[in-house]
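Everything below concerns the one structure shown next.
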Amino acid sequence: MAKQKKGKGVLKKLNKNKEIYLLLLPSFVLLLLFIYIPMYGVVMAFQDYNYVDGFFKSPWVGFQWFIEFFESWRFWRLLRNTLVLSLYSIALGFPIPIILALICNQMREGRFKKYFQTVMSLPHFISTVVLCGMVILFLSPSSGIFSALAGLFGAELPNLMGSTKAFPTIYVVSGLWQNAGWDSILYIAALSSVDPTLYEAATMDGASKFQKLLHIDIPMLVPTMSIQFILRMGSILGVGFEKVYLLQNNLNRPTSEVISTYVYQLGILGGQQSQAAAIGLFNTVVSLALVLTVNKISDRMTGNALM
Amino acid sequence: MKQAKTARRIKKSREDKIFDGIVYTIIIILMIIVLYPLYFVVIASISDPNAVNLGEVMFWPKGLSLEGYETLLQNEELWIGYRNTVLYTVCGVGTCLLVNIPAGFALSRKNIYGGKLIRAYYMIPMFFGGGLIPTYINIRNFGLYDTIWVMFVPFAVSIYYIIVSRTYFRTSIPEELWDSAQIDGAGTLGYFFKIVLPLAKPIIAVIALWFAVQQWNSYFGALIYLHDKELQPLQLFIRRILIQNQTASSMLSGTAAAEARRLSELIKYTTIIVGSLPVMCLYPFVQKYFNKGIMVGSLKG
């Protein structure tokens, strides 16, 4: 009797919220079909997948693909390249937007400041394809603008796009050119919400502009910085496929091949789907562990956490 | 306020003046670094093809010529790409709003039965996913490979946009409106469509613009899921010209190979201009919406 009553209560509650559920329905269904089913699809990393048997009937192979991957010479190369690109990106891409925001904050309010912000964030709206095309064009040894500019000083540039040593720097610097200004907007906003009486009090105490920057501006940015840092760390192994793939060529592959481009090459172009899915799963799991760890550390150290 | 400002200016110490000098020097250098490459693309695209090939163009255009634009605009593939990109962008914005705005609103309501489970359902994809290969196979299994639908239906849900709109509904739309709507006998749906949506125009504009730019510039989905050139968007056309160097063979059929080679570098620069122009021209006018969007999105909710 009591149970029946409870069952009725559930129905009643469901019925009461039915319009809310209706609004959720489209996104719910799309997530189910195109995000949650592939999540189940990771089982193929433990199978010898083929189209005929599908996710459900393909024969199991356990951890075979993972073991093969960890033991291959490629594993260390991919892991090293991925880590180099992402740590290098963070080492410059994390502090530079903060420095930009601090510099921008020193400008007097007015039209020029707004103009500066517009200019700095403009490259963010160039597509990845165009950006990579520009990099390749500019670095061309025969007709590129960089070799022409170097020529003004009597220097000669090597073929940088074909150089394994230059690749990480090309990747990181072009990324900075495109995104540093855009990434600084968040910090500029945080700075603009600083209570102006703080600056006035500091001025009264005879603080110079540089001292105000050190003792007011930077501490004010710490919460925003921690959140951004956690988000960044989470994507360490998620080095953007799009840009690396476009800048890659046969000459620079020893340093430009990363996990995501290899998964594409192996699974989609090469048709070895189970192996590629296993490598992709390894990537996802490590990334997840990283976010959770950094989140915890940040929570302990600064009290700022994502979750 | 004005008085305070002048007072501060009088007090400016020597140290502060040097500091200001350094700041403004850095600002000028930064602007040159950002703007020069863009300026260079423009002048190269209208220069004489031979000068471009020899790397002679540096600070101003050399021997004005519109040859690059003439050849490029005659290319049929460019227009196919443009048409497809416009189609995918318009339809993409449509489905994106249709799917994410109602979800954001629904998740902003409190006291929903099963709310915790529902929130978990929407949060999990932010941290875990099947990865490229299972997703790709799934799309093939649904028969969406090489169809236009794959560009704007399967991945229309964006957890990020849902959170942004949910935060907006929570913080900018007073709860009293709901109370008075109820008194007037409106249900949740009526409240959403008649009262909330008109008030949510700013956030709808932000999400629409954001998504439009993202869709216009993306190439990953098309690279993976569209094989047919007739369906491919502009970015894949640009990729063929800029990255895969296909100018010479595909575009200038019938002309001598030397002639093709002569124009190929020039056409790359004109392709950059033609491909980026719409977004670049639009950006300064819609900048404030983008900045506003970043702020809403950065709020923890």
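Proteins get letters first, then strands, A, B, ... in listed order; numbering begins at 1 in each.
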Looking at Val285(A), Leu149(A), Ile136(A), which makes the most heavy-atom pairs under 4.5 Å with chain B? Leu149(A)

Report yes if some heavy atom in the side chain of Leu223(B) is under 4.5 Å from a heavy atom in the side chain of Tyr264(A); otherwise report no. yes

Val57(B), Ile159(B), Leu35(B), Leu30(B): which one forms the most heavy-atom pairs within less than 4.5 Å of chain A? Leu30(B)

Select one option (side chain, backbone, both, neither) describing which atoms of Ile26(B) are under 4.5 Å from chain A's heavy atoms. side chain

Non-hydrogen side-chain atoms of Val23(B) and Phe210(A) separated by less than 4.5 Å: no

What pair of heavy atoms forms the shortest contact from Ser143(A) to Glu265(B), and how long is it? OG-OE1, 3.2 Å

Distance-only, no hydrogens or angles: does the Asn138(B) side chain make a donor-acceptor pair with backbone N or O of Leu33(A) under 3.5 Å? yes

Looking only at Pro102(B), Ala103(B), Pro154(B), the option with the highest number of non-hydrogen pairs under 4.5 Å against chain A is Pro154(B)

I want to check something: taking the side chain as every heavy atom from C-beta on, are Leu98(B) and Pro26(A) in contact at a cut-off of under 4.5 Å? no

When only pairs under 4.5 Å are counted, which of Ile224(B), Ile238(B), Val52(B), Ile112(B) shares the most heavy-atom pairs with chain A? Ile112(B)

May I ask you to test the Phe220(B)-Tyr245(A) pair for a side-chain heavy-atom distance under 4.5 Å? no

Pick one: which of Arg108(A), Lys209(A), Gln106(A) meets side-chain hydrogen bond (donor to acceptor under 3.5 Å, both in side chains) with Asp20(B)? Lys209(A)

What are the two closest heavy atoms between Glu242(A) and Tyr219(B), and how far apart are they? O-OH, 2.8 Å

Below 4.5 Å, heavy-atom pairs only: which of Trp182(A), Tyr40(A), Tyr51(A) has the largest tally toward chain B? Trp182(A)

What is the distance from atom CD1 of Ile33(B) to atom CE of Met120(A), rounded to the nearest 0.5 Å? 8.0 Å

Exercise: identify the closest heavy-atom pair between Ala277(A) and Ile133(B): N-CG1, 3.9 Å

Pick one of side chain, backbone, both or neither for Tyr21(A), based on which atoms fall under 4.5 Å of a heavy atom in chain B. side chain

Whether Asn217(B) side chain and Thr128(A) backbone form a donor-acceptor pair below 3.5 Å: no

Met39(A) CE to Phe128(B) CZ distance, which is reported to the nearest 0.5 Å: 7.0 Å

Cut-off 4.5 Å, heavy atoms of chain B, and the answer for Leu100(A) is side chain

Side chain to side chain contact (heavy atoms under 4.5 Å, CB included) between Phe192(B) and Glu19(A), worked out: CA-CA 10 Å; Phe192(B) 175 63; Glu19(A) 287 172 296; over 6 Å; no

Toward chain A, the part of Tyr36(B) with a non-hydrogen atom under 4.5 Å: side chain

Which atoms of Ser142(A) approach chain B - backbone, side chain, both or neither, heavy atom under 4.5 Å: backbone

Which heavy-atom pair separates Gly130(B) from Val42(A) by the least distance, and what is that distance? O-CG1, 3.4 Å

Of the backbone (N, CA, C, O) and the side chain (C-beta and beyond), which part of Phe146(A) lies under 4.5 Å from a heavy atom of chain B, both, or neither? neither

Find the distance between CG (Leu122(A)) and CE (Met31(B)) and round it off to the nearest 0.5 Å. 10.5 Å

Of Trp216(B), Phe142(B), Phe105(B), the largest count of non-hydrogen pairs under 4.5 angstrom with chain A goes to Phe142(B)

Mutual orientation of the aromatic rings belonging to Phe28(A) and Tyr121(B) [parallel < 30°, tilted 30-60°, perpendicular > 60°]: parallel

At a 4.5 Å cut-off on heavy atoms, which part of Leu281(A) comes close to chain B: side chain, backbone, both, or neither? side chain

Where do Phe55(A) and Pro134(B) come nearest, in terms of heavy atoms and distance? CZ-O, 4.3 Å

Can you tell me which portion of Leu22(A) sits under 4.5 Å from chain B's heavy atoms? Options are side chain, backbone, both or neither. side chain

Is it the backbone or the side chain of Leu246(A) that comes under 4.5 Å from a heavy atom of chain B, or both, or neither? both

Separation of Asn111(B) CG from Lys13(A) NZ (nearest 0.5 Å): 11.0 Å

Return yes if a side-chain donor-acceptor contact under 3.5 Å exists between Tyr122(B) and Ser27(A), otherwise no. yes

Portion of Phe19(B) that has a non-hydrogen atom of chain A nearer than 4.5 angstrom: side chain

Would you please test Met280(B) and Ile126(A) for side chain to side chain contact (heavy atoms under 4.5 Å, CB included) and show each step? CA-CA 8 Å; Met280(B) 287 284 136; Ile126(A) 293 175; 3.2 Å; yes

Max heavy-atom pairs within cutoff under 4.5 Å with chain A, candidates Met58(B), Glu15(B), Gln214(B), goes to Met58(B)

Return the option, out of Leu102(A), Leu23(A), Ile103(A), Thr284(A), with the maximum number of heavy-atom pairs under 4.5 Å with chain B. Leu23(A)

Minimum heavy-atom distance between Tyr24(B) and Met107(A), given as atom pair plus value: OH-CA, 3.6 Å

Interatomic distance, OG@Ser158(B) vs CG@Leu30(A), rounded to 0.5 Å, equals 12.5 Å

With a 4.5 Å limit on heavy-atom distance, are the side chains of Met44(A) and Ile137(B) in contact? yes

Side chain to side chain, Ser121(A) and Tyr283(B), heavy atoms closer than 4.5 Å: yes

Non-hydrogen atoms of chain A under 4.5 Å away: do they reach the side chain of Arg239(B), the backbone, both or neither? both

Side-chain touch Leu234(B)/Val129(A), heavy atoms, less than 4.5 angstrom: no

Return the CG to OH distance between Asn15(A) and Tyr113(B), rounded to the nearest 0.5 Å. 13.0 Å

Contacting region of Leu236(B) [heavy-atom separation from chain A under 4.5 Å]: neither

Just give me the residue among Gly280(A), Ala148(A), Cys104(A) that pairs up with chain B most often, heavy atom to heavy atom, under 4.5 Å. Ala148(A)

Chain A interface, residue from Ile124(B), Asn100(B), Leu144(B) that has the most non-hydrogen pairs under 4.5 Å: Ile124(B)

Let me see the working for Phe138(A) and Val41(B) under side chain to side chain contact (heavy atoms under 4.5 Å, CB included), right down to the final yes or no. CA-CA 10 Å; Phe138(A) 287 179; Val41(B) 172; 3.9 Å; yes

Side chains of Phe112(A) and Ile27(B): closer than 4.5 Å at any heavy-atom pair? yes

Below 4.5 Å from any heavy atom of chain A, which atoms of Thr135(B) appear? Answer side chain, backbone, both or neither. both

Is Leu213(A) close to chain B through its backbone or its side chain, or both, or neither, when contacts mean heavy atoms under 4.5 Å? side chain

Heavy-atom cut-off 4.5 Å, strictly under: side chain, backbone, both or neither for Val279(B) against chain A? side chain

With a 4.5 angstrom heavy-atom cut-off, is it the side chain or the backbone of Leu247(A) that approaches chain B, or both, or neither? neither

